[in-house]
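A quick note: this is a predicted structure, and the numbers were derived from the prediction, not measured. Worth knowing before you read on, the calculation uses all heavy atoms, side chains too, and leaves out hydrogens, waters and symmetry mates. As the structure lists them, so they are numbered: ligands from 1, and atoms in each ligand from 1.
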Amino acid sequence: MIKKVQKSRPLKGEITIPADKSISHRAIMLASLAKGKSIISNFSSGQDCHTTMNIFKQLGVKIKQIDRKTIEIVSDSILKPANPSSYFAGNSGTTTRLLAGILACQDFDSTITGDKSLSKRPMKRIIEPLTLMGAKIDSTEGKLPLNIHGHKLHGITYTMPVASAQVKSAILLAGLKAEGNTTVIETAQSRNHTELMLKHFGADIKTDKNKITLSPSELTAKNIEVVGDISSASFFIAAGLIVPNSDITIKNVGLNPTRTGIIDIVERMGGGISIINRKNISGEECGDIKVAYNDSLKACTIEGADIPRLIDELPIIAVLASQAKGTTIVKNAEDLRNKETDRIKCLVCELNKIGIDIQETDDGFIINGGKKLTGGVEVESYCDHRLAMSFYIAGLICEKEISINGFEWINISFPEFETQINALK
Ligand code: S3P
């Protein structure tokens with residue numbers, strides 16, 4: 001589907017963004033592994049999380065959608081799949097990697113498959129640590145499909161070679177049923193939703209600085225209200241800052257410090273962002289974010305420990321940086337090449353087309369910002385939801401209309417995206 005986007009009038013008002021995708025996936029998984037009845041409220045409307053939900057239904061868990069955003073899960077904590085036990089994870093890396101950890105320690109065999117994009121993504125990063133725990137996983141050169149032969153596992157101590165919450169979570173979820181303790185050591189902290197939620201469901205898990213230790217645990221059902229997704233909010237943060245005379249309040253946004261890199265970057269750029277109504281919901285911090293147009297943004301460098309805290313926001317940060325005076329440098333972000341697409345290559349190619357001065361580097365990109373965007377071209381989403389939404393926001397400030405090919409991919413995380421933008425116009 002081709003979406004045409006024109007220069008926008010100011011965006012003003014209040015919006016609510018969809019529930020956090022990472023937390024929604026984990027809520028389905030942990031409630032399915034826990035004994036009893038859990039209610040998940042404000043569940044994500046994105047396709048990826050519905051993929052996870054459908055897989056756990058296939059795994060024999062009683063999952064009922066009570067209304068659009070409320071899910072009831074009743075489980076006796078044991079997965080009992082119907083045959084054949086092959087699970088289609090669609091476009092979702094989180095589903096695949098976390099599920100692999102859960103399936104590795106079951107007493108049945110399973111297969112995980114995915115769409116074209118997911119089938120190209122690296123799975124060695126989970127196969128290696130899970131194999132060290134005793135898992136038996138076959139793949140084709142570290143890619144999907146994964147054939148998992150359920151096996152008894154034992155705990156390990158694992159130092160993460162890449163900062164990845166998916167890898168960390170796969171290991172911890174496998175550790176729930178392993179013999180002995182499982183310890184993960186992180187060199188750069190990735191999002192910690194799995195650790196927080198495991199604690200919420202009663203697991204014996206401790207975090208000491210960068211070291212997480214989990215003892216084998218039984219989980220007990222718990223209700224979870226999912227906070228809003230800061231990754232979805234980031235498109236509105238950027239739009240509020242770069243569309244002239246905008247003023248937006250984004251309600252109920254998750255503010256877990258392992259995810260708030262985008263807020264730090266806006267502050268580094270001199271953007272001005274305020275947070276009100278701070279609270280804690282189901283173990284996660286959240287609050288309302290207020291942003292307004294700012295015509296004196298300045299460039300900055302984004303690197304090192306910043307990266308895992310804003311990895312999914314880098315495409316929209318590139319659009320934001322195009323309006324900041326000076327040279328913005330993004331370094332140490334080579335893992336962006338392993339996302340739904342090679343996000344460095346595709347982002348640079350398409351943003352150049354609309355008039356952004358951006359150059360690709362091995363591990364990131366360099367933007368000379370502060371210039372008007374010409375637009376007047378068609379850009380490609382590469383079947384990547386975050387690229388499609390980033391280009392849409394860029395389109396709101398282009399001199400001439402742009403067309404985005406493959407815009408329907410926004411449904412992966414944010415089906416209500418355009419309705420929400422229109423509500424602010
Ligand atoms: C996620 C972790 C990140 C992120 C992805 C969601 C998660 O991936 O990019 O969108 O829910 O754990 P990595 O673990 O590969 O960094």
Between Asp335 and ligand 1, is there a nitrogen or oxygen pair with a distance under 3.5 Å?
no
Does Arg26 have a non-hydrogen atom less than 4.0 Å from ligand 1?
yes
Distance only, no hydrogens: is a donor on one side chain within 3.5 Å (strictly under) of an acceptor on the other, for Arg259 and Ser231?
yes
Shortest protein heavy-atom distance from atom 1 (C) of ligand 1, along with the residue and atom involved
Gln166 NE2, 3.6 Å
Quick test: of every protein heavy atom, which one is nearest to atom 11 (O) of ligand 1, and how far off is it to 0.1 Å?
Ser22 OG, 2.7 Å
Stepwise side-chain contact (heavy atoms from CB on, under 4.5 Å) check, Asp264 with Arg309
CA-CA 10 Å; Asp264 297 352; Arg309 297 180 59 240; 2.8 Å; yes
For the pair Asp20 and Arg191, find out whether any cationic side-chain nitrogen is under 4.0 Å from an anionic carboxylate oxygen.
no
If the cut-off is 4.0 Å to any non-hydrogen atom of Ile311, which atoms of ligand 1 fall inside it?
9 (O)
Contact check: Lys21 vs ligand 1, nitrogen or oxygen atoms, below 3.5 angstrom
no
Atoms of ligand 1 under 4.0 Å from any heavy atom of Ala165, numbered from 1 in the order shown, are 12 (O), 14 (O)
I'd like to know whether CD of Glu218 has more than 12 heavy-atom contacts from other residues, nucleotides or ligands below 6.0 angstrom.
no
Part of Arg191 within contact of ligand 1 (heavy atoms, under 4.0 Å)
side chain
At their closest point, which heavy atom of Ile358 faces which heavy atom of Asn352, and how far apart are they?
O-ND2, 3.2 Å
In plain terms, say whether Lys168 and Glu195 are close enough for a salt bridge, that is, a side-chain N and a carboxylate O under 4.0 Å apart.
yes
Counting non-hydrogen protein atoms only, what is the nearest one to atom 10 (O) of ligand 1? Give residue, atom name and distance.
Asp312 OD2, 2.7 Å
Going by heavy atoms, is Lys339 under 4.0 Å from ligand 1?
yes
Listing, residues 84-91 side-chain donor-acceptor contacts under 3.5 Å, not counting sequence neighbours, or none:
from  : atom 1 : to     : atom 2 : distance (Å)
Ser85 : OG     : Asp109 : O      : 2.9
Asn91 : ND2    : Asp115 : OD2    : 3.0

Atom 14 (O) of ligand 1 has as its nearest protein heavy atom Ser164 OG, 2.6 Å
Does Lys136 come within less than 4.0 Å of Asp138, counting only side-chain N to carboxylate O?
no
